[in-house]
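Structure first, then comments.
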Amino acid sequence: MSPSAGGLVVFLLSVQVIQSQDGWRVKYDQTDVCAAKGSTVDINCDYTHPYGIYYSGKKDRFWFTKEKDGEPVDLKPDSEYSGRVKYGCYSYSDSCYLTIRDVRESDSAEYKFTFRTNEPGEKYTGSPGVTLSVTGLQVQVRRSDSTWLELTCHSNCVLSDHPEYVWYKNEENIKTGSSLPVSSGSTDRYSCYLRGSWNQRSPAVYGPQRPSVSVSPSAEMLEGDSVNLTCSADANPAANYTWYKAHRISDPRPLSEEPQLVFSSIQSSDSGRYSCIAENQLGRKTSDFILIPVKYLPQRPSVSVSPSAEILEGGSVTLTCSTDANPAANYTWYKGDGTSDPHLLSEEPQLVFSSIQSSDSGRYSCTAENQLGRKTSDFISIDVKCG
Ligand SMILES: *[C@@H]1O[C@H](CO)[C@@H](O)[C@H](O)[C@H]1NC(C)=O
Ligand SMILES: *[C@@H]1O[C@H](CO)[C@@H](O)[C@H](O)[C@H]1NC(C)=O
Ligand SMILES: *[C@@H]1O[C@H](CO)[C@@H](O)[C@H](O)[C@H]1NC(C)=O
């Protein structure tokens with residue numbers, strides 16, 4: 001097309017474009033909205049458009065937050081908002097609204113209104129839009145002194161209309177106001193509500209309950225096994241944990257500051273009583289003691305003779321066998337030289353001769369046995385002298 005032939009057309013189009021930009025406007029009733037999670041948000045706008053826009057085609061007015069390939073994406077079909085969003089315009093006016101129910105933190109975004117027909121160039125988006133910040137309520141805990149705490153209700157943006165907070169203790173309304181004093185160590189559940197928006201409520205805070213302790217594996221433990229003790233206590237904010245072993249007065253440092261106390265290879269010296277402490281800002285609780293009995297083979301028994309001096313015929317002599325084992329070992333005494341058939345003498349830890357004879361001279365040994373196995377002592381020689 002030559003410029004002279006098309007001059008009129010070009011002129012008309014450019015006039016229309018200038019008119020469009022001049023005549024378009026979107027005015028929102030607010031620029032920033034802070035809303036409590038779960039509440040309903042209303043945003044309104046007025047828009048104007050130039051005279052003479054082409055109405056016979058499709059006319060679209062909608063709200064959006066996202067764009068795809070440079071084009072706004074209508075909020076209503078978005079599954080994130082399904083059933084929660086409503087928008088429209090009032091009849092015979094250019095006032096429109098957007099209502100979002102039960103707002104979530106993920107709804108925080110910039111919302112814009114757009115108006116468009118299916119004629120090229122007939123579109124306009126009100127930018128910048130309205131920034132919505134959705135905030136949850138949180139109870140913050142501050143220590144006033146050794147016995148008192150102060151709870152305050154906190155939101156991440158400034159809620160309009162002078163928010164008034166109502167405090168609940170275990171589902172019971174106890175006070176109105178921005179803060180609540182409570183005593184340390186309480187396991188009661190405290191939460192705050194926003195008055196007028198009853199579905200908006202902070203998560204409850206509470207001190208730990210008495211922690212429970214579990215042992216894995218729960219069956220009997222043998223020396224060398226891998227054993228885990230786990231401490232857990234319901235608390236909000238989540239508790240931290242420390243593990244202690246009873247009777248370690250010489251070393252009161254915790255064994256672990258994790259919920260788990262892990263023994264990769266448990267030793268007999270690890271036997272004992274353990275407890276854990278669960279603590280958060282509201283208080284601390286100590287678990288019951290848990291007994292950890294590590295089972296182990298008897299050590300090689302040691303033997304002793306009493307009296308230790310020269311043994312004379314007719315005297316009283318006691319041989320004692322002792323060892324360390326868990327469960328406790330039982331004992332047997334033998335007389336023998338280790339090669340010939342040993343002769344069982346006693347099933348007591350002590351072998352007692354009330355009047356020893358020279359025929360009792362010889363070599364003795366004892367064995368210690370529990371369900372894990374048995375160990376035999378070295379021989380001990382008894383040499384009875386005639387009186
Ligand atoms: C103990 O905990 C460790 C680390 O969490 C894990 O690797 C191991 O399997 C656990 N052992 C037992 C016996 O539960
Ligand atoms: C556990 O939490 C309490 C209260 O918040 C804190 O004073 C203490 O330092 C924490 N301990 C550890 C081991 O993190
Ligand atoms: C000693 O203990 C073992 C293993 O528990 C058992 O088999 C045995 O019968 C006990 N002996 C005596 C004399 O009690």
Side-chain angles (χ1 to χ4, degrees), residues 138-152 182-187 190 205-244 252-267 270 274-287 290 292-299 301 321-334 342-351 365-377:
Q138 292 290 335
V139 175
Q140 292 189 337
V141 184
R142 210 169 52 82
R143 186 166 279 285
S144 306
D145 57 38
S146 59
T147 48
W148 288 93
L149 305 167
E150 186 182 52
L151 309 186
T152 52
V182 300
S183 65
S184 174
S186 163
T187 56
Y190 295 98
V205 296
Y206 48 97
Q209 313 284 328
R210 178 183 286 270
S212 65
V213 172
S214 62
V215 184
S216 153
S218 55
E220 63 188 28
M221 287 157 220
L222 305 183
E223 219 170 15
D225 282 355
S226 151
V227 173
N228 294 349
L229 308 188
T230 304
C231 186
S232 71
D234 186 20
N236 190 37
N240 62 29
Y241 297 96
T242 38
W243 275 101
Y244 292 90
R253 278 175 308 173
L255 296 168
S256 166
E257 293 185 348
E258 301 290 327
Q260 276 202 325
L261 179 60
V262 176
F263 298 94
S264 50
S265 167
I266 202 162
Q267 298 304 307
D270 294 324
Y274 290 82
S275 77
C276 64
I277 296 172
E279 179 174 19
N280 71 4
Q281 288 101 308
L282 285 98
R284 50 150 57 195
K285 284 274 160 48
T286 304
S287 73
I290 181 162
I292 299 299
V294 181
K295 295 189 170 175
Y296 51 97
L297 260 175
Q299 316 276 322
C321 185
S322 66
T323 188
D324 187 19
N326 186 19
N330 60 29
Y331 296 94
T332 38
W333 276 104
Y334 297 97
H343 178 51
L344 173 67
L345 295 172
S346 165
E347 290 179 352
E348 298 295 326
Q350 292 191 324
L351 178 60
S365 69
C366 71
T367 67
E369 177 176 15
N370 70 6
Q371 67 211 60
L372 302 178
R374 53 161 38 196
K375 285 276 172 63
T376 302
S377 71

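Whatever order the structure lists them in is the order used to number ligands and atoms, beginning at 1. All heavy atoms count here, side chains included; hydrogens, waters and symmetry mates do not.
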| Under 3.5 Å side-chain donor-acceptor pair for N370 and Y296 | no
| message | When you compare the side chains of Q260 and T230, does any donor N or O come within less than 3.5 Å of an acceptor on the partner? | response | yes
| note | Closest non-hydrogen atoms of C321 and Y331, given as atom of the first, atom of the second and distance, are SG-CD2, 3.4 Å
| Which heavy atom in D270 sits nearest to a heavy atom in S265, and how many Å separate them? | OD2-O, 4.4 Å
| S232, C276, S212 screened by side-chain contact (heavy atoms from CB on, under 4.5 Å) with S287, the one that passes | C276
| Which of the atoms of ligand 3 are close to E347, meaning less than 4.0 Å from one of its heavy atoms? | 13 (C)
| Just which atoms of ligand 3 are under 4.0 Å from any heavy atom in N370? | 4 (C), 5 (O)
Anything under 3.5 Å between an N or O on ligand 2 and a protein N or O? List each pair with its distance, or write none.
residue  : atom   : partner : partner atom : Å
ligand 2 : 2 (O)  : N240    : ND2          : 2.4
ligand 2 : 11 (N) : N240    : ND2          : 2.9
ligand 2 : 14 (O) : N240    : ND2          : 3.1

Sub-4.0 Å atoms of ligand 1 with respect to non-hydrogen atoms of [X]:
X: S226; result: 11 (N), 13 (C)
X: N228; result: 1 (C), 2 (O), 3 (C), 8 (C), 10 (C), 11 (N), 12 (C), 14 (O)
X: S216; result: 12 (C), 13 (C), 14 (O)

| query | Has the side chain of N280 got a donor or acceptor atom that lies under 3.5 Å from a matching backbone atom of A238? | reply | no
| query | Which is it for Y190 and L151 under the side chain to side chain contact (heavy atoms under 4.5 Å, CB included) test, yes or no, and what are the steps along the way? | reply | CA-CA 9 Å; Y190 295 98; L151 309 186; 3.6 Å; yes
| field | Partner residues of E150 under the salt bridge (charged side-chain N to carboxylate O under 4.0 Å, His left out) criterion, sequence neighbours left out | value | R142
